[in-house]
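Atoms within a ligand are numbered from 1 in the order they appear, just like the ligands themselves. Note that the structure is predicted; figures quoted are calculated from it, not measured. Side-chain atoms are counted along with the backbone in the values below, which use heavy atoms only and exclude waters and symmetry mates.
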Amino acid sequence: MRVLSGIQPTGRFHWGNYFGAIAQYIALQNNEQSFYFIADLHALTTVRDPQQLRDYTRDAALDLLALGLDPAQATLFRQSDVPEVTELTWLLMTVTQHSLLEKCHAYKDKVAKGIAADAGLFTYPVLMAADILLYDSDIVPVGVDQVQHIEVTRDIAQRFNSIYSGEYLHLPEARVLNATAKVPGLDGEKMSKSYGNTIEIFEPEKKLRKKIMSIKTDSTPVEAPKDPDACHIYTLYQLFATPEQQSALAARYRAGGMGYGEAKQALFEAAWAYFEVARQRRAEWEARPSDLEDVLMTGANKARAKGQQVLERVRTACGLRARLSS
Ligand code: ADP
Ligand code: TRP
């Protein structure tokens, strides 16, 4: 069984990305057919500064390895290192109905936010379908916001198979990641790069403390008892603390006499300790850039070996000249 997912390098990863996607994905990696890639071609639809794209891509690789993605178990690669994916995108594009793409919420949302409605943004789901179909993926773990794109992938695959009368493309299934884990940001809204309310996983210590201290709270006086379940500092604390630590802090909330500053301090300590091992691992990888590059190139070679087989099948199905050597 092949599990595949991708994440766009559009900024430094934050707590929402970790608990909502990365942690859950890494937990699936002991499946030996696990593919994970950094979707740099997709990021081009929004990141237009080449140096920034390079930095985000490198940071994404470092973050993923630091957080426990094990290259001995999972195949990690950069999307753009597998050129087969762009050829498959074109072949899929020829069987994709305009009306199918017009229905996509992600496209409509992005255009509503003021992102240019380029053809790349409009056909983003076709590149995503190619990402998935190129490797005969069975399971695609994604957040709820991406489920529609998996449906589109299935539609495109079915249409291709029906036009060319054969089971050339393998239909994937979405595995929806824990939707209840919606991590709140500094303002209590969903943490998201586009809301500017994020706390990055690898913030430096001082900056982390400062950000946590800036979390918005209500004006309940220090003496008053507080409801931990109505406080997003406590919601965040639960992500990092043991059950005993959680009950202890909840009791402090309910007893009164505790200001939010104290809860923020507890959150800072728990979060800092939680990513301690990952921080060390990140520093080790950062000091070995050529090993990092090797991991990505080895991953890309493995992905390409599979991708070339599938592409050959698809090319032949639609009447393109088969390669003379494979
Ligand atoms: P952002 O909203 O910061 O741009 P992305 O859309 O790139 O983040 O999200 C990448 C992955 O992280 C997606 O699978 C998404 O579901 C997950 N994710 C992002 N923010 C959160 C959050 N606040 N809570 C839970 N999951 C999140
Ligand atoms: N569109 C996905 C996101 O924004 C990232 C992505 C690109 C992806 N290609 C993919 C996810 C293929 C799963 C499978 O989160």
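- The distance from ligand 1 to the heavy atoms of Asp145 drops below 4.0 Å at these ligand atoms: 16 (O).
- Sorted by first and then second residue, the side-chain hydrogen bond (donor to acceptor under 3.5 Å, both in side chains) pairs with a member in residues 218-230 read Asp218-Thr220, Asp218-Tyr260; sequence neighbours excluded.
- For the pair Gln146/Val176, no side-chain contact is recorded, criterion being any heavy-atom separation below 4.5 Å from C-beta on.
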Verify side-chain contact (heavy atoms from CB on, under 4.5 Å) between Leu28 and Arg175, making sure each step is shown before the conclusion. CA-CA 11 Å; Leu28 294 171; Arg175 163 95 47 95; 3.6 Å; yes
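- Polar contact with ligand 1: absent for Lys182 (N/O pair, distance under 3.5 Å).
- Contact of the Ser34 side chain with the Thr75 side chain is not registered, since no non-hydrogen atoms from C-beta on lie closer than 4.5 Å.
- At under 3.5 Å, not a single nitrogen or oxygen of Val144, backbone or side chain, sits near a nitrogen or oxygen of ligand 1.
- Partners of Phe122 under the ring pair (Phe, Tyr, Trp, His ring centres under 6.0 Å) rule, at least two apart in sequence or in another chain, are His98, Tyr107.
- For the ligand labelled ligand 1, residue Val142 lies outside the 4.0 Å heavy-atom shell.
- A donor-acceptor contact closer than 3.5 angstrom is absent between the side chains of Asp40 and Thr57.
- Those atoms of ligand 1 that come under 4.0 Å of a heavy atom in Lys190, given as number and element, are 20 (N), 21 (C), 22 (C), 23 (N).
- Any N or O atom pair closer than 3.5 Å counts here, and Asn17 shares at least one such pair with ligand 1.
- Taking every heavy atom of Ser192 and a limit of under 4.0 angstrom, the matching atoms of ligand 1 come to 1 (P), 2 (O), 3 (O).
- Evaluation of the ring pair (Phe, Tyr, Trp, His ring centres under 6.0 Å) rule for Tyr237 yields no partner, not counting sequence neighbours.
- At a heavy-atom cutoff of 4.0 Å, ligand 1 is contacted by the side chain of Ala21 but not by its backbone.
- Less than 4.0 angstrom separates some heavy atom of Met191 from each of these atoms of ligand 1: 20 (N), 21 (C), 22 (C), 23 (N).
- Any N or O atom pair closer than 3.5 Å counts here, and Val183 shares at least one such pair with ligand 1.
- For His14, every heavy-atom contact with ligand 1 shorter than 4.0 Å involves the side chain, none the backbone.
- Between Phe160 and Tyr164, a ring centre-to-centre spacing shorter than 6.0 Å is recorded.
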| After noting the C-alpha distance and the side-chain angles of Gln245 and Thr242, does the key distance pass the side-chain hydrogen bond (donor to acceptor under 3.5 Å, both in side chains) rule? | CA-CA 5 Å; Gln245 290 172 318; Thr242 62; 3.3 Å; yes
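- The aromatic rings of Phe19 and Tyr274 lie tilted to each other, with the angle between the two planes from 30° to 60°.
- Tested against Glu203 for a salt bridge (charged side-chain N to carboxylate O under 4.0 Å, His left out), the candidates Arg12, Lys211, Arg279 yield a single pass: Lys211.
- Residue Thr10 places no N or O, backbone or side chain, under 3.5 Å from any N or O of ligand 1.
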Check ligand 2 for close polar pairs with the protein: N or O on both sides, less than 3.5 Å.
| unit_1 | atom_1 | unit_2 | atom_2 | d |
| --- | --- | --- | --- | --- |
| ligand 2 | 1 (N) | Tyr124 | OH | 2.7 |
| ligand 2 | 1 (N) | Gln146 | OE1 | 3.0 |
| ligand 2 | 4 (O) | Gln8 | NE2 | 3.3 |
| ligand 2 | 4 (O) | Tyr124 | OH | 3.3 |
| ligand 2 | 4 (O) | Gln146 | NE2 | 3.4 |
| ligand 2 | 9 (N) | Asp131 | OD2 | 2.8 |

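- Counting only heavy atoms from C-beta outward, the side chains of Met191 and Ile199 approach each other to under 4.5 Å.
- Around atom 18 (N) of ligand 1, the closest heavy atom drawn from Gly16, Gly6, Pro141 belongs to Gly16.
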